[in-house]
Amino acid sequence: MKLLIKNGRVIDPSQHINEKTDILIENNKICKLGKNIRETGCEAFNAKDMIVSPGFIDMHAHLREPGREDAETIATGTASAAKGGFTSVCCMPNTEPAIDNQSIVKFILEKAKKEGKVNVFPIGAITKARKGAELAEIGDMKNAGIVAVSDDGNWVENSALMRRALEYSEMFNIPVISHCEDRTLSGKGVMNESYISTVLGLEGIPSESEEIAVSRDISLAKMLNTRIHIAHVSSEGTVALIKEAKTCNIKVSCEVIPNHFTLTEEVVNGYDTNTKVNPPLRGNDDIQAIKNGLADGTIDVIATDHAPHTITEKEYEYDNAPFGIVGFETAIGLALTELVHSGFLSLSQLIEKLSCNPAKILGFETKGTLKIGADADITIIDENKEWIVDVNKFLSKSKNSPYHNRKLKGKVVATIVNGKIIYKD
Amino acid sequence: MKKEINIKWDRKDLLGLEDLTKEEIKLILDTAESFKEISARKIKKVPALMGKTIANLFFEPSTRTRISFELAEKRLSADVVNFSASTSSLSKGETLIDTAKNIEAMKIDCVVIRHSSSGASYMLSKKLNASVINAGDGTHEHPTQALLDMFTIRGKKGRLEGLKVAIIGDIRHSRVARSNIWGMMKMGMDVRVCGPKTLLPVDIEKMGVQVFYNIEQAVKNVDVIMALRIQKERQGQSYFPSIREYSKLYGITSERLKYAKGNVLIMHPGPMNRGVEIMPEVADGPYSVILDQVTNGLAVRMAVLYLVTGSKNEGGTSV
């Protein structure tokens with residue numbers, strides 16, 4: 001089984017390649033790179049005027065299975081991911097029950113093998129039932145296939161426990177991903193704390209609830225000389241803290257979600273519950289700081305935090321509606337529009353943050369690269385294609401997106417997983 | 001009374017005062033003047049909304065607002081249905097939108113809604129063809145309360161422009177304060193807010209108000225003092241150490257009235273905690289217009305119901 005991708009502009013930051021070249025795939029692996037490869041008896045894909053990139057890896061997503069199959073399943077979630085150009089998806093453990101033991105990990109991997117369109121990598125919980133009280137069986141889960149641990153949605157408030165988690169996870173060489181939020185400060189907040197929350201009469205979540213948590217986590221990583229990955233950075237202060245930590249050689253990495261470089265809290269005016277997300281949409285200064293942080297390398301990764309919720313749930317009042325925005329199918333369009341076409345990032349930098357860097361953080365040696373012998377996971381994009389977001393065309397089971405009718409520039413045209421074209425626009 | 005009202009109202013809903021213009025607020029207050037007299041008649045009823053159906057949806061306990069709206073509707077000859085639930089729609093397993101669609105299916109002309117979530121009336125209005133009147137949504141707005149407050153002040157002082165008002169208490173959790181700030185600022189009043197810092201929402205001064213933590217300074221030379229109800233459960237949430245300390249720092253006492261102008265008006269949206277945010281001698285004293293507020297509430301709500309529900313098709317109706 002061979003596949004030849006012809007005439008595309010290949011951008012692979014892992015090998016510093018950025019040129020028009022062909023790629024030959026054989027036996028699910030990258031077999032050959034070169035100009036004008038001639039190969040008979042194989043399927044060919046003409047990528048003329050398109051960008052060919054190592055497959056995008058989303059290290060922060062919610063597939064909702066098991067537990068909330070009404071909002072998303074592994075089948076629908078991975079179909080949505082494929083449409084969005086993601087060849088690998090890491091699913092967060094806030095399922096019902098939580099991914100906190102090897103049997104749930106095995107269930108997800110089995111389901112993904114049967115029904116998944118793209119590679120699925122479960123993230124295990126740090127603590128049992130994500131309750132922040134006792135460590136989950138991280139060793140067992142690692143053997144079963146987890147690639148990271150996180151109590152997603154919950155910050156491990158107990159500092160001693162977080163210390164143990166960092167120490168213990170290091171033995172298995174998997175990153176600890178921290179949802180940084182001091183709940184005692186964010187309280188019942190539903191949006192950014194500001195003049196707008198005052199006017200709307202909605203409880204606010206100050207940026208400091210994130211920054212306090214980030215500070216502690218950085219301190220622990222420094223003390224223990226272990227890695228820490230900060231999920232969904234939303235504020236100017238957080239970017240500054242991480243930047244400083246990196247200059248001190250503390251092993252901190254972080255990700256940002258397109259929502260936090262695209263939308264400000266202004267869109268909460270009108271009480272559209274599709275704008276309710278945690279961390280909340282913040283101000284213009286925060287967006288600028290995040291864009292600068294992406295450009296200067298402070299922010300390593302762009303993830304989606306794909307968070308499906310049913311229409312019914314999002315029809316509750318703003319206070320009562322759940323947090324979350326679906327992200328797979330808009331992430332690349334938003335990133336190209338807001339970051340590349342507006343001049344903050346080069347295409348190569350963008351691909352680093354969508355593919356190479358997540359692979360490095362997660363320890364994927366054969367992904368996030370187009371080196372000979374690497375897994376044939378490839379994303380092909382048309383950086384200039386203009387399109388309008390239509391939630392009704394989402395392959396995700398859920399439609400909770402504030403981007404409906406938004407015009408974007410840049411689209412995924414094909415997604416190749418393990419040498420097979422699994423999505424074509 | 002046969003008085004022509006020149007109608008310039010073209011809104012489907014009344015959701016808050018933030019969106020209204022000065023002229024629209026004035027129109028409501030002027031309309032309320034002509035309705036005030038009806039409640040003093042022997043037969044307290046006019047046929048202005050005959051044949052209209054109004055649903056009062058109260059998802060949060062309320063006595064005076066609910067009764068005030070219901071009386072206003074009945075005095076305008078509307079058909080009235082009441083729906084009260086002390087819990088939000090969520091706990092019944094039905095969304096607000098579902099509730100709204102059910103109401104719509106019953107061909108109702110206007111919905112008056114009180115809800116504990118900010119934005120509930122806004123969400124409802126987007127889903128309904130019927131008119132929506134916000135009778136208080138979370139900590140967002142309570143427009144008819146602010147309108148009746150301004151109506152009362154205007155009635156007593158003859159004007160609004162240039163008057164100084166101090167709103168005292170839990171501004172943070174007060175929809176009454178927000179609506180009054182929007183309305184009073186638009187009408188050219190000088191608005192001060194005062195309370196413990198813990199009960200003032202962030203950036204409140206951007207609404208155009210002056211912020212005070214000291215009550216004597218706040219009420220100095222003001223024409224109007226408005227005390228807000230302090231909810232006793234806030235004590236447990238550490239907004240202040242005790243009701244006792246709150247009352248000592250921010251209670252409206254006759255001693256504190258001396259800092260204000262000699263003919264100051266004392267207002268309270270009710271229900272009052274006598275002896276906490278307002279002392280009984282002040283609430284019942286010569287400066288108090290607290291019961292006038294209640295009386296005027298009826299006229300203002302009649303005006304709002306009339307403008308929102310009745311005036312859309314027929315221009316220049318006499319009442």
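Residue contact with chain A, scored on non-hydrogen atoms closer than 4.5 Å, involves the side chain of B/Arg172 exclusively. With a 4.5 Å cut-off on non-hydrogen atoms, A/Glu203 touches chain B through its side chain but not through its backbone. For B/Met123, the part lying under 4.5 angstrom from a heavy atom of chain A is the side chain only. Contacts of B/Glu18 with chain A are made by side-chain atoms alone, with heavy-atom separations under 4.5 Å and no backbone atom involved. Contact of A/Thr312 with chain B is made through backbone and side chain together, with heavy-atom distances under 4.5 Å.
Under the 4.5 Å side-chain criterion, counting only non-hydrogen atoms from C-beta, A/Tyr271 is not in contact with B/Lys126. Side-chain contact check for B/Trp182 versus A/Val199: some heavy-atom pair is nearer than 4.5 Å.
In this structure, A/Lys243 places its NZ atom where only 12 or fewer heavy-atom neighbours from other residues, nucleotides or ligands lie under 6.0 Å away. Within 6.0 Å of CG on B/Leu249 lie more than 12 heavy atoms contributed by other residues, nucleotides or ligands.
Ranked by heavy-atom pairs shorter than 4.5 Å toward chain A, the options B/His140, B/Lys127, B/Lys206 are led by B/His140. Most heavy-atom pairs under 4.5 Å with chain A: of the set B/Arg178, B/Glu141, B/Glu205, this distinction falls to B/Arg178. In terms of heavy-atom pairs under 4.5 Å with chain B, the best-connected choice from A/Asp272, A/Ile196, A/Leu200 is A/Leu200.
Note: B/Ser118 OG to A/Met191 CE = 11.0 Å, rounded to the nearest 0.5 Å.
A/Asp319 approaches B/Ser116 most closely through the heavy-atom pair OD2-O, 4.0 Å. When every heavy atom of B/Thr139 is checked against every heavy atom of A/Gly201, the shortest pair comes out as OG1-O, 2.6 Å. For the pair B/Ile204 and A/Thr198, the tightest heavy-atom approach, listed with the atom from each and the gap, is CD1-CG2, 4.1 Å. Closest approach of B/Asp203 and A/Ser194 over heavy atoms only: OD2-C, 4.2 Å.
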